[in-house]
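Since the model is a prediction, treat every value here as computed from it, not as a measurement.
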Amino acid sequence: MTTATHPTTRRLSLLKPTGHLTLGNLLGALRPMVAGQARADCFFGIADLHALTVPHDPASVRALTRELATLLLAAGLDASTLFVQSRVPAHAQLAYLLECTAYTGELSRMIQFKEKGAGVASTRVSLYTYPTLMAADILLYRPQQVPVGDDQRQHVELTRDLALRFNNAYGPVFTVPEITTPAAGARVMDLLEPRTKMGKSGADGAGVIRLLDPPDVVRRKVARAVTDSETGADAVRADRETKPGVTNLLDILAACGGSAEGTATYGALKRAVTEAVVAELEPIQERYAELAADPAHVSRVYADGAARCRNVTAPVLAAAEAAIGLG
Ligand code: AMP
C-alpha cells in the first residue's frame, strides 16, 4: 500500500487487488482510513496495475478488484474519492516519464526486484519498473508528506529522488514529499503462526480471517488458533515474546471492542474473540451484501471517483509533459 498526505488536507492510499481483505487489513488500514475522512480530502485507490507485475489470472484480478471496490464502500469510505488506478490514465502516463528519469542502477537495487525477479529470464519488465509507477501514484496528487512503514520506505525515497532529479533537470513540476512515520496501528498476527503478520497472500489459510468470512468460519478459525500449554488462573495474559498466540487474541479482542474480563480459560477467551470479531464484521458484511446487489451504484461511485482523479491529476501530468519536451 502507498499512503500520502497533501498539505494538511489531502490523503492518498492505494491497495493492491492481490487477495481477499483480512481482519488485519481492516484494523491496520481500513479503519484508520475511515477515521481519516473527517480530517482530510481522501483519495483511496485500487492499484490494479500493480497486480500485473507477477504471473496473474485476468479473471481473478477483475473479481478481486470488484470485491475490494465494494468492500471499501462497505467499510464506510463513502466520504472519500474512490477510484481504480487503471481508470485514471495519468498514472501510467506519468510513470513512463519517470521511467525516462530513473536509472537502471537504482531500480536494480529495489528490494522486490532483487528478491523476486533479478536474474530470472521470465521476470516481467513491470516488476523492474513498477517503482516508477508508484512514484507517479504519489507525485500526481502533490502530497507534502508520505507516512510510510519500513516496508515502503525505499519506494518513497526513490519517489523523492525522481522528483528532485526531474525538477532540477526540467523545472519545478513536482512537490517533493517528506517521509513521515505513521502512528503505530494495530498489527494482527496469523492465528496459526502468531509470529507472522496475518496477510492477504495467505488468505486461504486457516490462520487468516477474511472480512467476508461468515460467523461459523470465524468461529472455527478462532477455535483452532494457536495458544500455549500454560494452564491456571493467570494463563490468559499478554506477553508478546513467550505467549504470541494468546497476546494476538487479546489484541484482536481489544481492537474489536471486546473485553477479556471473565475469560479465565483459553476456551472462554476464544469465545469472546469470536463474538467480538463477528460483531465487528457483521455490519460490513451486511452493507457488502446490499452493495453487491446494486453493482450499478458501485460502478457509479468509482466512475465519479476516477473523473475527479482525472481532474486533479491532469495539471500535474500536463506540467510534467510540457517540462520534459512533449506537446
Ligand atoms: P497488504 O495487504 O499487505 O498489501 O497491506 C495493505 C494495508 O493493510 C497496509 O496498510 C498494511 O499495513 C495493512 N495490513 C495488512 N496486513 C495487516 C495486519 N496483519 N495487521 C495490521 N495491518 C495490516
Side-chain angles (χ1 to χ4, degrees), residues 1-3 13-22 24-25 29 45-69 71 83-140 146 148-163 165-166 190 192-193 196-208 210 306 317 320 324:
M1 184 168 94
T2 317
T3 307
S13 292
L14 272 75
L15 289 148
K16 258 200 291 186
T18 47
H20 301 285
L21 286 193
T22 71
N25 294 126
I46 300 176
D48 56 346
L49 295 175
H50 285 289
L52 310 184
T53 57
V54 290
H56 75 285
D57 168 29
S60 154
V61 169
R62 185 172 294 112
L64 287 171
T65 297
R66 191 74 199 174
E67 181 181 298
L68 183 50
L71 265 174
F83 67 103
V84 177
Q85 182 190 29
S86 64
R87 304 301 95 189
V88 185
H91 287 250
Q93 289 171 290
L94 183 60
Y96 181 72
L97 302 191
L98 295 176
E99 277 179 32
C100 300
T101 308
Y103 301 141
T104 55
E106 59 199 350
L107 293 188
S108 304
R109 286 193 295 274
M110 299 305 287
I111 290 164
Q112 295 263 354
F113 176 72
K114 270 193 359 196
E115 287 184 353
K116 289 200 209 151
V120 179
S122 60
T123 297
R124 293 185 179 182
V125 173
S126 56
L127 186 68
Y128 181 64
T129 58
Y130 86 86
T132 63
L133 177 59
M134 214 151 174
D137 297 336
I138 295 171
L139 296 176
L140 278 171
V146 179
V148 282
D150 281 344
D151 55 337
Q152 293 297 331
R153 199 175 179 86
Q154 194 189 24
H155 290 123
V156 186
E157 278 167 1
L158 178 76
T159 302
R160 282 172 51 84
D161 290 347
L162 296 179
R165 191 178 306 149
F166 189 104
D190 190 282
L192 295 182
E193 293 172 38
T196 311
K197 202 176 85 165
M198 184 184 284
K200 64 182 178 330
S201 54
D204 295 328
V208 176
R210 292 183 187 181
L317 178 65
I324 207 169

If you round to the nearest 0.5 Å, how far is [atom2] of [Y] from [atom1] of [X]?
{"X": "Ile111", "Y": "Arg153", "atom1": "CD1", "atom2": "CZ", "answer": "12.0 Å"}
{"X": "Leu139", "Y": "Leu162", "atom1": "CG", "atom2": "CG", "answer": "7.5 Å"}
{"X": "Leu14", "Y": "Met134", "atom1": "CG", "atom2": "CE", "answer": "8.0 Å"}
{"X": "Thr129", "Y": "Glu99", "atom1": "OG1", "atom2": "CD", "answer": "4.5 Å"}
{"X": "Thr159", "Y": "Leu98", "atom1": "OG1", "atom2": "CG", "answer": "8.5 Å"}
{"X": "Leu133", "Y": "Tyr96", "atom1": "CG", "atom2": "OH", "answer": "14.5 Å"}

How close do [X] and [Y] get, counting heavy atoms only, and between which atoms?
{"X": "Lys114", "Y": "Ser108", "answer": "CG-O, 3.2 Å"}
{"X": "Leu68", "Y": "Leu15", "answer": "CD2-O, 3.9 Å"}
{"X": "Met198", "Y": "Gly207", "answer": "CE-O, 3.5 Å"}
{"X": "Gln85", "Y": "Leu49", "answer": "OE1-N, 3.0 Å"}
{"X": "Ala136", "Y": "Ala95", "answer": "CB-N, 3.6 Å"}
{"X": "Leu127", "Y": "Thr53", "answer": "CB-O, 3.8 Å"}

Practice task
Check whether more than 12 heavy atoms from other residues, nucleotides or ligands sit under 6.0 Å from atom CZ of Arg124, and answer yes or no.
Solution key: yes
Exercise for the section: Taking only Lys NZ, Arg NE, NH1 and NH2, and the carboxylate oxygens of Asp or Glu, determine whether Glu67 and Arg210 approach each other closer than 4.0 Å. Expected result: no
Exercise for the section: Could you go through the side chain to side chain donor-acceptor pair (under 3.5 Å) check for Asp190 and Thr196 one step at a time? Expected result: CA-CA 6 Å; Asp190 190 282; Thr196 311; over 6 Å; no
Handout entry: Side-chain donor or acceptor of Gln93 paired with backbone N/O of Leu317 under 3.5 Å
Key = no
Handout entry: Under 3.5 Å: donor-acceptor pair, side chain of Tyr130, backbone of Phe113
Key = no
Problem - Step-by-step side chain to side chain contact (heavy atoms under 4.5 Å, CB included) determination, Ile138 to His155 - result: CA-CA 10 Å; Ile138 295 171; His155 290 123; over 6 Å; no
